[in-house]
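What follows is one structure encoded as structure tokens, with my remarks underneath.
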There are 2 protein chains.
Amino acid sequence: MTTDPYNIACTHGFIQSSCSDCNLKGLCLPIAMDIKDIDKVDNIIKRSRPIQAGEHIYRTGDGFTSIFAVRSGSIKTYLLDDDGVEQVTGFYLPGEILGFDGIGTEKHGCNVMAMETSTVCEIPFERIEELSLQIPVLQRHFFQLMSQQIEADHQMMLTLSKKNAEGRVATLLLSLSRRFGRRNLSPNSLRLPMSRMDIGNFLGLTIETVSRTFSRLQKEGLIKVDGREIHINDHKQLQSICHASK
Amino acid sequence: MTTDPYNIACTHGFIQSSCSDCNLKGLCLPIAMDIKDIDKVDNIIKRSRPIQAGEHIYRTGDGFTSIFAVRSGSIKTYLLDDDGVEQVTGFYLPGEILGFDGIGTEKHGCNVMAMETSTVCEIPFERIEELSLQIPVLQRHFFQLMSQQIEADHQMMLTLSKKNAEGRVATLLLSLSRRFGRRNLSPNSLRLPMSRMDIGNFLGLTIETVSRTFSRLQKEGLIKVDGREIHINDHKQLQSICHASK
DNA sequence: TGCTTGTCTTGACATACATCAAGCATCCAA
DNA sequence: TTGGATGCTTGATGTATGTCAAGACAAGCA
């Protein structure tokens, strides 16, 4: 057991720490934000008790009221089409914000499920809108977050449309690596929070293809695979197979 | 030549009409907006002279200053990856708003090109941010527009990840049909503004597959194809082949 | 301990779509 | 009128990935 406050929050889940104490605040709030403005945001945030693996935070069609910041654990979002076919649309790690679907229609447009025991901060959106009118940097921040989501989704369209299985898997691994690194975790030793099924679903591949691709990348020495434990041996070469080539 | 003000604007391009006169305002501005607030928005908008087919409005890396509303014609957005591989990320028709990429980084994240002679309204984003602080319904509106973009992109991820060629093409045709209908044009007779190349690029297919798919749908009687002129004979059946099934 | 269940891996085979190639129509310039 | 782009269609063939099937491994439970 470490003394990392992130892990304490994760394990006990009832610690009501504040945004200003949170070591993730650089990720979900503007860096250049007044301490008194941070407190204003802090006051409207609801911190949840832990959500168990497989539990939903919201589902398609639920009324939209809040967006969510992941505090610990990991979350997936997915669509269900009319035939019940699932499309995973994103994986969210601590410090990342989800729930920007549904502002347009007042109804959430996707399903959100914890992939492991997780905690989230619930941010009532109407309150954020009110605060944004007083705190321009906050308004800007939320425009930026949504803009980044749009850019990431476009990159994902490129991945799905133009890359082969190796490129897709490598792209995901490097994305996770970068996001682990941003939280000061090792960018080379990852424990994947999601199943092969979720990876395949997200990347538009079958689990068999995902599995074979992991094996191939391992045989080529780029990564070391042990179930969900992944070690990245060669970032550069992984990068170089990320290019489009179907 | 019709007397549709849309076409007049398109053909001459220099007519400086205002938002309150624009027959597209229901699409790009909130419906429930005060006339005096509309005028405030109107005052910050720059109306461009016509942009020729193939001309760019901005490119990846250009400084982000404005978003754009399509006034006439049609626009595509696309990414270029390191190897020069292109991914079309969207098609934009009159009344639709583009350019939400780049708010996060202050640099545009994609390229924007006119597919035919087009006119756009340039909306300086900082001015919109300022106005949004005074006009809450405007702030909400831009959050909603971005949210809709995110939802549309997620649907696109499902299309690319889970649908076969027929499903992808049918999904695009119905999307265009709906958007034509929203502008009070026939939802059954479309003139496609984009090439087979752009369609294929957008849908993650080759032009040959796009062409064959059009031919097949025609042989099955669902559509009538004449170059870029498409007539939809059977919306219902087109809908029914949109489901995921790779 | 054995049984069940879920997750992952690996192999054999099938197929949707890519690739390669040819041909047609339209447009434009010489 | 000719020649050369450009855009689109159609056919023949190849291949990456899907599908089907079997088995390994670990976790949980009786």
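Just so it is clear, the model here is predicted, and its values are computed rather than measured. Just so we're on the same page: letters track the sequence lines, and every chain starts at 1. Any value given below was found using the heavy atoms of this structure, including those in side chains, with hydrogens, waters and symmetry copies removed.
Of all the residues in residues 75-87 of chain A, not one reaches under 4.0 Å from DNA chain D with any non-hydrogen atom. For residues 210-231 of chain B, proximity to DNA chain C is found at B:Arg212, defined as any non-hydrogen atom under 4.0 angstrom from a strand atom. Within residues 189-197 of chain B, no residue places a heavy atom under 4.0 Å from DNA chain C.
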Review item, nucleotides 22-29 of chain D N/O atoms under 3.5 Å of protein N/O:
none

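An end-to-end axis angle of 20° holds for the helix from C:dT1-D:dA30 to C:dA30-D:dT1, taken from five base pairs per end and rounded to 10°.
The distance between atom CD1 of B:Ile199 and atom C1' of D:dT9, rounded to the nearest whole Å, is 14 Å. A:Glu208 places its CD atom 8 Å from the C1' atom of D:dC20, with the value rounded to the nearest Å. Here the P atom of nucleotide D:dT19 and the CG atom of A:Leu205 are 11 Å apart, to the nearest Å. In this structure, NZ of A:Lys163 is placed 18 Å from P of C:dA18, rounded to the nearest angstrom. In this structure, CD of A:Glu166 is placed 12 Å from C1' of D:dA16, rounded to the nearest angstrom. When rounded to the nearest whole Å, the span between CD1 of B:Ile207 and C1' of C:dA18 equals 12 Å. The separation between B:Asn164 atom CG and C:dA16 atom C1' is 9 Å, rounded to whole Å.
For residues 82-99 of chain A, the set of pairs meeting the side-chain hydrogen bond (donor to acceptor under 3.5 Å, both in side chains) definition, not counting sequence neighbours, comprises A:Lys76-A:Glu86, A:Thr77-A:Thr89, A:Gln87-B:Ser161, A:Gln87-B:Lys162, A:Tyr92-A:Gln149, A:Glu96-A:Arg179, A:Glu96-A:Arg182. The list of side-chain hydrogen bond (donor to acceptor under 3.5 Å, both in side chains) pairs with a residue in residues 210-225 of chain A, not counting sequence neighbours, reads A:Glu166-A:Arg216.
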Donor-acceptor contacts, no H, no angles, side chain residues 184-193 of chain B, under 3.5 Å, sequence neighbours left out:
| unit_1 | atom_1 | unit_2 | atom_2 | d |
| --- | --- | --- | --- | --- |
| B:Ser186 | OG | B:Asn188 | N | 3.0 |
| B:Ser186 | OG | B:Ser189 | N | 3.1 |
| B:Asn188 | OD1 | B:His235 | NE2 | 2.9 |
| B:Ser189 | OG | B:His231 | ND1 | 3.0 |
| B:Arg191 | NH1 | B:Glu229 | OE2 | 3.2 |

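The phosphate of D:dT17 has neither OP1 nor OP2 within less than 4.0 Å of any side-chain N or O from A:Thr206.
Residues forming a side chain to side chain donor-acceptor pair (under 3.5 Å) with A:Arg178 (at least two apart in sequence, or on another chain): none. In this structure, the side chain to side chain contact (heavy atoms under 4.5 Å, CB included) partners of B:Ala114, at least two apart in sequence or on a different chain, are B:Ile51, B:Ile75, B:Ser118. In this structure B:Thr105 satisfies the side chain to side chain contact (heavy atoms under 4.5 Å, CB included) test together with A:Glu151, B:Lys107, sequence neighbours excluded. Applying the side chain to side chain contact (heavy atoms under 4.5 Å, CB included) rule to B:Ser195 yields the partners B:Met197, B:Asp198, B:Arg228; only residues at least two apart in sequence or on another chain are considered.
The line from OH of B:Tyr78 to CZ of B:Phe202 is 15.5 Å long, rounded to the nearest 0.5 Å.
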